[in-house]
Amino acid sequence: NVNIYTEGVLTGSFVILRVLVLIISSSILTLTTKPTDLNNGLESLLKPFGKKISILAMMISIALRFIPTLFQETEKILKAQASRGVDFNEGKLKEKVNQIISLLVPMFVISYKKAEDLAYAMEARGYIPGEKRTKLVKMKFTIKDVIYMFSVVLMISMIIVYRVVLWDIKW
């Protein structure tokens, strides 16, 4: 016998809505913003927090750059494993663990190889972590930026007010 409660359905709906908003907003950000602009924006936004922020911004932009590549590599490995007869949907727990390991080991090796290649390429181009770099385009804070920031702060404030004040009201 399964009991379905209104609060459970509402809580589940809000969790799903949060995840969808996070996925959609991050997809919109990465699809509409060039990685260099994202890197420069992160650097300028986090600049007051210290000198090593350029390294953090570079790591974030590299991670964002390689996510689609890793998904493609995972798809290739899954197809290769399926052609060898591995079925990720069937089997006991021990077999599933072995199947996941057979996916993770090549992914780790591929990721390590790509990171090593990137490190060599960056070194060959003279990249020195933490050094001051010149910018091709200087970013300027405009009225558009103020409007966007105000609207984001307003939305977050509304969510917090809703969560704190209105969440406990029984409907």
**Complete:** OG1 of Thr74 to NZ of Lys76, rounded to nearest 0.5 Å, is 10.5 Å
**Pairing of Lys79 and Glu75 as salt bridge, 4.0 angstrom limit** = yes
**Item:** Connected via hydrophobic side-chain network under 4.5 Å: Ile156 and Val161
**Value:** yes
**Complete:** Nearest heavy-atom contact between Glu73 and Ile110 is OE1-CD1, 3.6 Å
**Fill in**
On a heavy-atom basis, the closest approach of Ile101 and Pro106 is O-CD, 4.2 Å
**Request:** Hey, could you give me the CD1/CG distance between Ile60 and Leu42, rounded to the nearest 0.5 Å?
**Result:** 5.0 Å
**Prompt:** Passes side-chain contact (heavy atoms from CB on, under 4.5 Å), Gln81 versus Leu103? Steps please.
**Reply:** CA-CA 8 Å; Gln81 297 289 4; Leu103 173 68; 5.6 Å; no
**Message:** Tell me whether Phe14 shares a hydrophobic cluster with Ile159, the cluster being built from Ile, Leu, Val, Met, Phe, Trp, Tyr side chains joined at under 4.5 Å.
**Reply:** no
**Prompt:** In the single-linkage hydrophobic clustering (I, L, V, M, F, W, Y; side-chain heavy atoms under 4.5 Å), do Leu38 and Met59 co-cluster?
**Reply:** yes
**Prompt:** Should Val109 and Lys113 be marked as a side-chain contact (heavy atoms from CB on, under 4.5 Å) after you check the CA-CA gap, both sets of side-chain angles, and the distance that decides it?
**Reply:** CA-CA 6 Å; Val109 171; Lys113 176 79 170 107; 5.5 Å; no
**Request:** Tell me, with the steps shown, if Asp145 and Thr142 meet side-chain contact (heavy atoms from CB on, under 4.5 Å).
**Result:** CA-CA 5 Å; Asp145 300 316; Thr142 64; 3.3 Å; yes
**Asked** Around atom CZ of Phe141, are there more than 12 heavy atoms of other residues, nucleotides or ligands at under 6.0 Å?
**Response** yes
**Message:** Measuring from atom OG of Ser26 to atom CG of Leu22, what distance do you get when rounded to the nearest 0.5 angstrom?
**Reply:** 5.5 Å
**Asked** Is atom OH of Tyr148 surrounded by more than 12 heavy atoms (other residues, nucleotides or ligands) closer than 6.0 Å?
**Response** no
**Prompt:** More than 12 heavy atoms of other residues, nucleotides or ligands under 6.0 Å from CE of Met149: is that the case?
**Reply:** no
**Prompt:** In terms of heavy-atom contacts, does CD of Glu116 have more than 12 from other residues, nucleotides or ligands at under 6.0 Å?
**Reply:** yes
**Request:** Establish whether Met107 and Phe66 are linked, either directly or via other cluster members, by ILVMFWY side-chain heavy-atom contacts under 4.5 Å.
**Result:** no
**Prompt:** If you measure from CZ on Phe49 to CG on Leu56, what distance do you get to the nearest 0.5 Å?
**Reply:** 11.0 Å
**Request:** Give, for atom CG of Leu29 and atom CD1 of Ile24, the distance between the pair rounded to the nearest 0.5 Å.
**Result:** 14.0 Å
**Request:** Hey, could you give me the CZ/OG1 distance between Phe71 and Thr69, rounded to the nearest 0.5 Å?
**Result:** 11.0 Å
